[in-house]
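Sequence lines set the chain letters: A, B, ... in the order given, protein chains first and strands last, and positions in each chain run from 1. Worth saying up front: this structure is predicted, and the values here are computed from it rather than measured.
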Protein chains: 2
Amino acid sequence: MVQYSRTRLDASFAALSDATRRGVLEQLGRADASITELAEKFHMTLTGMKKHVGVLEQAGLVTTEKVGRVRTCKLGLRELEEEAAWIERYRQLWDARFNELDKVVEELKRKEQADGRKKT
Amino acid sequence: MVQYSRTRLDASFAALSDATRRGVLEQLGRADASITELAEKFHMTLTGMKKHVGVLEQAGLVTTEKVGRVRTCKLGLRELEEEAAWIERYRQLWDARFNELDKVVEELKRKEQADGRKKT
DNA sequence: GGAATACTGAACCATATGGTTCAGTATGTA
DNA sequence: TACATACTGAACCATATGGTTCAGTATTCC
């Protein structure tokens, strides 16, 4: 399998598909934190947490800065606009699709009523 | 690695993290389609597309029904409410966090101005 | 200087993912 | 009945993912 250019949307949805990482984002929404703090909070080795932070950072959802020996993680600059937009677009398609179905159903109902009237 | 219960959010974000699958959703937003049609549209083997549809179906984003030898895929019943809600919540955290920073910046500015006035 | 702290990187492991081929089965059609 | 169509399932492959341990390096503190 050749790995084609992974879009940002690919990366961020993938980043969001893990409960630990979503938790980290929530956490960072409340306060910045070091890798050690996050690792403890989520009962995980430092190395493991560092990987998760790496994934979030790659996706642009988190930024980090090392001062002395401590690397501090903060929420990234992106506000998930792109992701929200995608979902919104999907919802529009979904709406359109189901409204269409509704119309068909309405149409059927009207016909039924008409038939009913004919019979009586 | 033990696989813990995968939440629906895990599954749907994972499902959305692939461009082909997002494409399939867009496609189904326009019209229902058979596996064969989707496979052709996305230049992939039937089997490959079937797997993608399986992932989408598992995540509840697509439903399928087999009539005769044709399996027709439709948009699922879920409108991605849960996902939209999660992202919205994240955006609120993000806002709160950055407003807080803004306040700090404001505060610093005010102090600077005050210092400036003192000096002149 | 020496110990503790905080991260970093390499190596390893099991399972998941995204694809393929190939060999069916079931259904529709001439 | 025979052939084409449409899917299904198993097996396989390479790479990714989510975790670990272990052995560093860089900083801080006594």
State yes or no: do [X] and [Y] share one hydrophobic cluster built from I, L, V, M, F, W and Y residues joined by side-chain heavy-atom distances below 4.5 Å, directly or via other members?
X	Y	value
A:L16	B:V55	no
B:L61	A:L93	no
B:L9	A:Y90	yes

### Task
For the residue pair A:F13 and A:W86, categorise the inter-ring angle as parallel (less than 30°), tilted (30 to 60°) or perpendicular (more than 60°).
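Perpendicular: the ring planes of A:F13 and A:W86 meet at over 60°.
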What's the [atom1]-[atom2] distance between [X] and [N], to the nearest Å?
X	N	atom1	atom2	answer
A:R71	D:dT27	CZ	C1'	14 Å
A:F13	C:dT17	CZ	C1'	18 Å
A:I35	D:dG19	CD1	P	15 Å
B:K50	C:dT17	NZ	P	16 Å
B:D10	C:dA16	CG	P	13 Å

### Task
Would you indicate which nucleotide in C:dA6, D:dG9, C:dG9 comes nearest to any side-chain atom of A:V70?
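Shortest atom-to-atom distance from the side chain points to C:dA6.
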### Query
Looking at side-chain heavy atoms only, is the closest gap between A:D18 and B:D10 below 4.5 Å?
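No, every pair of side-chain atoms sits at 4.5 Å or beyond.
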### Message
Could you check whether any side-chain heavy atom of A:V24 comes within less than 4.5 Å of a side-chain heavy atom of A:M49, counting everything from C-beta outward?
### Response
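With C-beta onward as the side chain, the pair touches.
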### Query
Can you name the one residue among A:E82, A:E83, A:Q58 that meets side-chain hydrogen bond (donor to acceptor under 3.5 Å, both in side chains) with A:S12?
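Option passing the side-chain hydrogen bond (donor to acceptor under 3.5 Å, both in side chains) with A:S12: A:E83.
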### Task
Could you list by number each residue of residues 15-26 of chain A showing a heavy-atom separation from DNA chain D of less than 4.0 Å, or answer none if no residue does?
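Within this stretch, A:D18, A:R21 sit under 4.0 Å of the strand.
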### Message
Protein within reach of the bases, or only the backbone? For nucleotides 20-30 of chain C, mark each nucleotide 5' to 3' as B, S or -, using heavy atoms under 4.0 Å.
### Response
BBB----BS--
### Query
Of all residues at least two apart in sequence or in a different chain, which pass the side chain to side chain contact (heavy atoms under 4.5 Å, CB included) check with B:A11?
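Testing B:A11 for side chain to side chain contact (heavy atoms under 4.5 Å, CB included), a comparison that skips the adjacent residues, returns B:A59.
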